[in-house]
Structure formats: C-alpha cells, structure tokens
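A quick write-up on the structure given underneath.
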Amino acid sequence: MPFSRRELLGMGLAATLLPDFAGAASKPRRGGRIRVASVASSTADTLDPAKGSLSTDYVRHYMAYSGLTQLDRQMQARPGLAESFESRDQMVWRFHLRKGVTFHNGKSLGAADVVYSLLRHKDPLTGSKVASIADQFLAVRAVSTHEVEITLSGPNVDLPIILSQSHFLIVPAGEKAFRTGNGTGPYRIVDFKPGIRTIGRRFENYYKPGKPYLDEIELIGIPDEVSRVNALLSGDVHLINAVNARSSKRILAGGRGLLESQSSFYTNLIMRQDMLPTSNPHFVMAMKNLLDRPLIKRALFRNYATIANDHPIPPFHPFYRDDLPQTVLDLDKARYHLRKAGLTGVRLPMFAAPAAEGSVDMASILQEYGGRVGLNLAVNRVPADGYWSTHWMKHPLTFGNTNPRPTADMLFSVFYKSDAAWNESGWKNPRFDKLLVEARGEADFARRKQLYGEMQGLVRDHCGVGIPVFISLIDGYDKRLKGLYPVPLGGFMGYTFAEHVWWEG
C-alpha cells in the first residue's frame, strides 16, 4: 500500500526546496562531465558495498551497482534488478529477476549472483556493516536461473525497503577482491584511488533505457566544509553535500543553488559502556543533562534542526513516543549525577572532528557547561581525515554522525542491537533486543508503536548515546546541473543522484 504522508515523514520528513530548485521542468539530455565533492574520503574508501560507511562510499556504490529494489520519491520499494517480488506471510519472499541484465564485464545477471550477494553478509570474514540485519536471512536460494527465494527467521514487512539500501547492492557471484567495481549500475568505475578520487563512466548497457545521462562523474572528498563551499563557488566542483546552514546565504549570493531536506540525520555524543569512566550510568545522565539543545539548534544549525531526546526516532516519525519527558539542560541534575559517579574534578578527554557535523562546537558547549558543574572536559579536535577509523568508538568519549535509515527497524538494528557492528556505545540490553524482534514482525500499527515506544525509553534512559537535535540536509549545486530532487534518506538524493541528473552547460 502507498505510504501516507505521515509515514513518509516518519522515514525522514517531507523535503523542502530553497529557491532555484535544480529540478525545474526541462528535458533530460545526454553528455557532460561533473565533479562532485562529498564530505569525507580516506584510505578506507571501498568498492565493496558491504563495507560502505561514508557518504562517499554510498555514492560510489550506487554508481557501480544496482539493488533488487529501489525507493521512489514516496519512499516506496519499487522493482530494480527484480522486476517483481511478493510474499504471502512476510517470511518467505520471492524475487523474479530481470532478464538481459549484464555486469560491466559482460557477464549476465543470474540468481547465483543474488544468493551470493546476500549470504556474504552473514560471513564474518566479509566484515559487513549490516551483518546484524542479514542475521534475519534464514535461507537464500535460487529457485531458477532468474528467481530467488529468501526465507527470514521471522516476518518482516520492511524487507523490500531494506534491500534497496547500498549495502545490499548486488555483486557478481564469487567476487572477493573488489578492485574494479564490476556491477550492473549506471557507471563503470574507470579510476579508483582510495582517499583521492573515483571516476565513473557511463555504462552503455545499463538496464534502464536512456540512463544515465552524464558521460562521466568524478567523485572526491573535501572534508573541510568551507573548502567544499569555496570549490563550488569557484566552479571546481558542481555538487556538494553537508552544507553548513551558516554557508547558505553565501552560496545563494554566489549564484549557486541549495537543496534542503529535513531528515532524521543526527550527530551524537558517544559514551562507551565498556570503558571507564563513561560506563557509569550517573556519568551518562550527567552528560545528557549538559546538552543545551535549543542553543545547539539555534547557534550551530541556524534552526535547520529539530530538538531530539537522546534516542534516534524524531518527533515527525509515526512511531515517535510523544509522552516521553524531554531531557533538558539542568546543571543541578548534572552536578548531582556527577557527584554520584564520583567524577567531580576529573579530567576527561573528548574527541571531536569536522567529520562529525557540529561535533567540535558541541564539544565546546559541553566543555563550558561541564566546567560549571566540576567536570573538566579536554576537547581534542582531530582531523576529519581518518577520524572514523582512528578515533570513532575507540575512546571513552567521542562523537558519531548517523545518516537517516528508511525504517525504524533498520536504524535500531544497525546502531543499537547488542551485537551490531555499529553499536557505537557498546550498549547491551536484552530487553531491547527482544522488543526489536517482536516489533519487526508485528502487523498491528498500534502495538508496533507501543513496542518502539518502549525501545525509545530504554535508549534515552540507559544507552550511552546523547542525541541533541536532528539536522536538516543541505546540498549545494551548480544551476546547470538539472534533475535534482530532495530525498529524506540523505544528501545527493539519498546518494543515488548519479543515474538521475543531467548537465545543461
């Protein structure tokens, strides 16, 4: 059934456009080359969809590969490499593959490729970032050369949406090296240098007639936001993501366009629950009471944000629990919890980087308020390059940066389930894990909302994560680039812009 507007809001909020929207009615044309700058790039850049962890990875993977399904503008799962799919009980699913689809090396797509692509997430040696989600795959088998059956461990109505995500894109059976990006996607990877650039060239045998439109896309990373904006204004690049709200007027004054989407994107304070002293529950509560949310919304994001309550479900989500008391700045409570933790006067390093949007300023705000209650927070500003591999989750006190996910189940499974690879604070809660499985298979909306509501309370009260606000997504673009439209799941049209945009230079 089509999603209601309320459900659409819940998956990321309806997107809005600033003036000079690039998607003005004009006929797509072929040709042209653009250069795109994303927020981060490092030597950990990968051509393996299972290992993608940064926006640059997601864009690269959607350029090179295709999924069984894809999301439309209403965030509904539509056919992709699978021309149709169905299930009677949401536990056993059948996917019927398109015929005549080829990989970049000329190999034909078949059921064996799909089986391999999905089951590799269950192999610990793969190092998949969505292994906890793939645990649901009880069996994946080829029914015929172009038909695949997926049996889940429990009912999950969200499976077609989940399979549209970049980590589940389809790769050739047996692929292990991932040196060339050999997929069925709109662009062939002709140059890939981790931490430097990716160049994709139009794949003429792409299964969607007429697409893609551009001849070539060069993808680079510019971690510093000011440098990224300068590159756009100078014409060195034609599309950028993660624009700071403070740069919006400058970009518009420079004759470039802005594309804004409200979303469930957030930067969060991480307090590791397997390290001292951040594992102390009183310390966790003290830090949450030191977050000045209105100040962060106003000063850091120019009100392009929504107040959060230390759990990842935003107020505009259909499963949002609105009776959960809002955590607010309270120095008396923070002081009390700090004393109970025995940490008054303790000096504690806190690591932040521009790679986690707004984290450096958030750290400064926490440092200021911490000083008022007897906590000496030493802010270590580290470079954006390498932050995710060197510092994120490696110290007691760091910051994360979480992109929107299409379903509440996927968000909770990836970041909060006890054994999830990205369980940032190392939080383990058996009750939460039990509720997660129950909610996934619950068909009744009211009951499912109740289950997700209890999970929000558990995260807010016990998890070592502080989430002050949900941040709007802003892209900047050259007005000659057409076909852009907002997608709540992330910048760059949910990272899928490559096959949709064209150049009118």
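All of these numbers come straight from a predicted model, not from anything done at the bench. Position 1 is the first residue of the sequence, and the numbers go up from there.
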Q | ring pair (Phe, Tyr, Trp, His ring centres under 6.0 Å) between H167 and Y58, intermediate numbers included | A | CA-CA 8 Å; H167 295 94; Y58 305 149; 5.7 Å; yes

Q) With sequence neighbours left out, what residues match T56 under side-chain contact (heavy atoms from CB on, under 4.5 Å)? A) S38, R60, L219

**Q.** Pairing of K107 and D113 as salt bridge, 4.0 angstrom limit
**A.** yes

Q) Are V465 and I467 close enough, and set up right, to give a side chain to side chain contact (heavy atoms under 4.5 Å, CB included), and what steps lead you there? A) CA-CA 6 Å; V465 166; I467 305 174; 3.6 Å; yes

Q. Any luck finding a side-chain donor-acceptor pair between Q90 and N156 under 3.5 Å?
A. no

Q.
Can you confirm if the aromatic rings of F399 and W392 lie within a centre distance of less than 6.0 Å?
A. no

Q | Electrostatic pair D433:K417 at N-O distance under 4.0 angstrom | A | no

Q | Residue pair G358 / F301: nearest heavy atoms and the distance that separates them | A | CA-CZ, 4.3 Å

Q. In terms of ring plane angle, is the pair Y416 and W427 parallel, tilted or perpendicular, where the classes change at 30° and 60°?
A. perpendicular

Q: Tell me, please, which residues at least two apart from D215 pass side-chain contact (heavy atoms from CB on, under 4.5 Å).
A: R202

Q: Could you tell me whether the side chain of R321 reaches within less than 4.5 Å of the side chain of I313, counting heavy atoms only?
A: no

Q: Measure the acute angle between the ring planes of F492 and F497, then classify it against the limits of 30° and 60° as parallel, tilted or perpendicular.
A: tilted

Q) Within a strict 4.5 Å, meaning less than it, do heavy atoms of the K428 and D419 side chains meet? A) no

Q.
Just so I know, are the side chains of V414 and I133 near enough to count as touching, which here means a heavy-atom distance under 4.5 Å?
A. yes

Q. Could you give the distance from CD1 (I162) to OG (S413), rounded to the nearest 0.5 Å?
A. 7.0 Å

Q) So, the side chain of E218 versus the backbone of E216: is there a donor-acceptor pair under 3.5 Å, distance only? A) no

**Q.** Contact summary for A40 and L54, nearest pair of heavy atoms
**A.** CB-CD1, 4.1 Å

Q. Strictly under 6.0 Å, is that where the ring centroids of H104 and Y187 end up?
A. no

Q) What are the two closest non-hydrogen atoms of G483 and W502, and how far apart are they? A) CA-CZ3, 3.4 Å

Q | Residues T102 and N205: side-chain donor-acceptor under 3.5 angstrom | A | no

(Q) So that I can tick it off, tell me whether E204 and R30 are bridged by a salt bridge, with the cut-off set at under 4.0 angstrom between side-chain N and carboxylate O. (A) yes

Q. Roughly how far apart are S84 OG and E147 CD, rounded to 0.5 Å?
A. 8.5 Å

(Q) Looking at every non-hydrogen atom in both residues, tell me the closest pair between N401 and E424 and how far apart they are. (A) N-OE2, 4.3 Å

Q.
For L239 and L484: C-alpha separation, side-chain torsions, deciding distance, then whether side chain to side chain contact (heavy atoms under 4.5 Å, CB included) applies.
A. CA-CA 10 Å; L239 178 64; L484 288 167; 4.1 Å; yes

Q. With side chains defined as the heavy atoms from C-beta onward, is the minimum distance between S425 and C463 less than 4.5 Å?
A. yes

Q: Kindly indicate, with the supporting measurements, whether the criterion ring pair (Phe, Tyr, Trp, His ring centres under 6.0 Å) is fulfilled by F95 and F85.
A: CA-CA 4 Å; F95 290 83; F85 49 88; 5.6 Å; yes

(Q) Set out, in order, the CA-CA distance, both residues' side-chain angles and the distance that settles side chain to side chain donor-acceptor pair (under 3.5 Å) for N182 and E175, then state yes or no. (A) CA-CA 9 Å; N182 179 34; E175 177 65 78; 5.0 Å; no

Q: Looking only at non-hydrogen atoms, find the nearest pair between H146 and L109 and report the distance.
A: NE2-O, 3.5 Å

**Q.** Basic-acidic side-chain contact under 4.0 Å: D236, R35
**A.** no

**Q.** Closest non-hydrogen atom pair, P186 against Y65
**A.** CD-O, 4.4 Å

Q: To the nearest 0.5 Å, tell me how far N403 CG sits from S55 OG.
A: 6.5 Å

Q: Find out whether P212 and Y206 are in side-chain contact, i.e. whether some heavy atom of one side chain is under 4.5 Å from a heavy atom of the other.
A: yes

Q | Side-chain ion pair, E504 and R29, N-O less than 4.0 Å | A | no

(Q) Rounded at 0.5 Å granularity, tell me how far CD1 in I150 sits from CZ in F137. (A) 5.5 Å

Q) Can any side-chain N or O of T69 pair as donor or acceptor with the backbone N or O of S164 at less than 3.5 Å? A) yes

(Q) Does this structure show an ion pair linking R448 with E438, if we count only N-O contacts that are shorter than 4.0 Å? (A) no

Q) Hey, does V39 have a side-chain heavy atom less than 4.5 Å from the side chain of R228? A) yes

Q: Classify the side-chain pair E260/S472 by whether it contains a donor and acceptor separated by less than 3.5 Å.
A: yes

Q.
Between S66 and T184, is there a side-chain donor-acceptor contact under 3.5 Å, judged purely by atom types and distance?
A. yes

Q. Between R94 and E86, is the closest basic N to carboxylate O distance under 4.0 Å?
A. no

(Q) Is the ring pair F470/Y266 parallel, tilted or perpendicular, if the boundaries are 30 and 60 degrees? (A) perpendicular

Q. Relative to the ring of H500, is the ring of Y485 parallel (under 30°), tilted (30 to 60°) or perpendicular (over 60°)?
A. tilted

Q) For the atom pair NZ (K449) and CD (E442), what is the distance rounded to the nearest 0.5 Å? A) 14.5 Å

(Q) Let me confirm one number: the CZ-NZ distance from R120 to K122, rounded to the nearest 0.5 Å. (A) 14.0 Å

